[in-house]
Amino acid sequence: MTQTPSKTSQSEALFARARTVTPGGVNSPVRAFKSVGGTPRFIREAHGAYLTDADGTRYIDYIGSWGPMILGHDHPAVREAISDALQYGTSFGAPGEREVQLAELVTRLTGAGKVRFTSSGTEATMSALRLARGFTGRKLIVKFRGNYHGHADGLLVEAGSGLMTNMDGQLGESAPSSAGVPEEYASLTLVSEYNDPAALDTLMAERGTDVAAVIFEPVVGNAGVLIPTPEFLAALHRVQAVGALLIADEVMTGFRLSLNGATGLLGLKPDLTCWGKIIGGGLPVGAYGGRSDVMDFVSPQGPVYQAGTLSGNPLAMAAGLATLRALEADAGIYDGLESYTSQLAGGLKTLAAEAGVPISVNQIGSMLTPFFVDAPHGTVRNYAQAARSDTATFGRWFQELLARGIYWAPSQFESIFVSASHTPTELDATLEAARAAFGSLKTTSLASTQEGVTP
Ligand SMILES: *Cc1c(COP(=O)(O)O)cnc(C)c1O
């Protein structure tokens, strides 16, 4: 590699310290750069569209904390809302007005009857499934290969990016995709193929009356971006006819693809929806909600237990409220995000073609993945097609971008996230870096064959 080591010495030192006290040196696996190689950058601060690492290097950020930072980092309205809330104490363990305000806003924007807040997306999906089982009295759930719904035991089956990235080759047919998940749990999770309506129809015809819920990413971000076909969406809605609940996992897409997420954009009619990421504006919040008759099964109203010491935390509610209010107040915001991201997509297609590098771009709203695979744009539709990507070439492209100040997602199987702070200046700088990165792939591919794999 050609980067000067001195540019990352602080991150290297922090990573070495971190590895002695934390597994792999990180608190969430994809942060470790395992699939792309090199030293993960330890981030010191983030403002607008930029991250600054521990060595003082600035990057244009396309992670957005993996989705929450749709307004950009350190947004004034969000910062002010958090500072204001801070004056009144940080946690009460008793209800407060902000929880009511955020629940009113979320139900108004999404059409959900009732909503319950948690502290993460994982808790939201886990709780929604318990609720579906409690409501229907059935045991089985159905999910789709390559969809990720957080790390609850029953959901770590054929489960998306972190696992595609970090546990390569250890995935098995309908087997748990993590050690520590008993086969008995995994056996209650049936897996079907994304964008395959016939497979879902067949599965539901055979097992449908035992299925409590079908959970899905309405636009997949966690295998890289995969966009659902109208036929698949229609098949999803047919599961409701056999009494299974349809659960839209909008943890990533909620408030990102529209004010009513993918549900609004694609006209979905789920029974329950899970949220996370943007709903907390950069603080830890998740939520699940939907039909009031179903939500009334949740404790203390109903028999399905679910709780949280920090659920509805006042600082987190304040950040979520400020974020959703800013999104609602700016009528052009989603068009602006779409425009930036489609220009980025168009630029990448052109530059890759000019450099003779085969890629297949999927983009919707402010979500985008360039799969390093030889297929027409927009045709990567499921896990198997995404998994054909040349991850080694992606890794080199990622490193070339990073060396030029562009912080892309450090895995082939992730979406990038554009924020409202990204302007034409960042777009031009990104495309200039991408041109150089594509151009250098031929030379570095020679070099890296000689040197072996990236450290
Ligand atoms: C991020 C994500 C989750 C998990 O949320 P956490 O807050 O990380 O627990 C669940 N579902 C989807 C679709 C996600 O993108």
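Atoms within a ligand are numbered from 1 in the order they appear, just like the ligands themselves.
The list of salt bridge (charged side-chain N to carboxylate O under 4.0 Å, His left out) pairs with a residue in residues 180-200, not counting sequence neighbours, reads Arg145-Glu193.
Rounding to the nearest 0.5 Å places CG of Asn195 at 9.0 Å from CD of Glu231. Residue Arg256 holds its CZ atom at 4.5 Å from CD1 of Ile278, rounded to the nearest 0.5 Å. Atom CD1 of residue Ile279 and atom CE of residue Met317 lie 7.5 Å apart, to the nearest 0.5 angstrom.
Under the ring pair (Phe, Tyr, Trp, His ring centres under 6.0 Å) criterion, Phe144 pairs with Phe232, not counting sequence neighbours. With sequence neighbours excluded, no residue forms a salt bridge (Lys or Arg N to Asp or Glu O under 4.0 Å) with Asp210.
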Contacts table for ligand 1: protein N or O within a distance under 3.5 Å of ligand N or O, distances only.
{"residue": "ligand 1", "atom": "7 (O)", "partner": "Gly121", "partner atom": "N", "Å": "2.8"}
{"residue": "ligand 1", "atom": "9 (O)", "partner": "Gly121", "partner atom": "N", "Å": "3.4"}
{"residue": "ligand 1", "atom": "9 (O)", "partner": "Thr122", "partner atom": "N", "Å": "2.8"}
{"residue": "ligand 1", "atom": "9 (O)", "partner": "Thr122", "partner atom": "OG1", "Å": "2.6"}
{"residue": "ligand 1", "atom": "11 (N)", "partner": "Tyr148", "partner atom": "O", "Å": "3.4"}
{"residue": "ligand 1", "atom": "11 (N)", "partner": "Asp249", "partner atom": "OD1", "Å": "3.3"}
{"residue": "ligand 1", "atom": "11 (N)", "partner": "Asp249", "partner atom": "OD2", "Å": "2.7"}
{"residue": "ligand 1", "atom": "15 (O)", "partner": "Asn222", "partner atom": "ND2", "Å": "3.1"}
{"residue": "ligand 1", "atom": "15 (O)", "partner": "Lys277", "partner atom": "NZ", "Å": "2.6"}

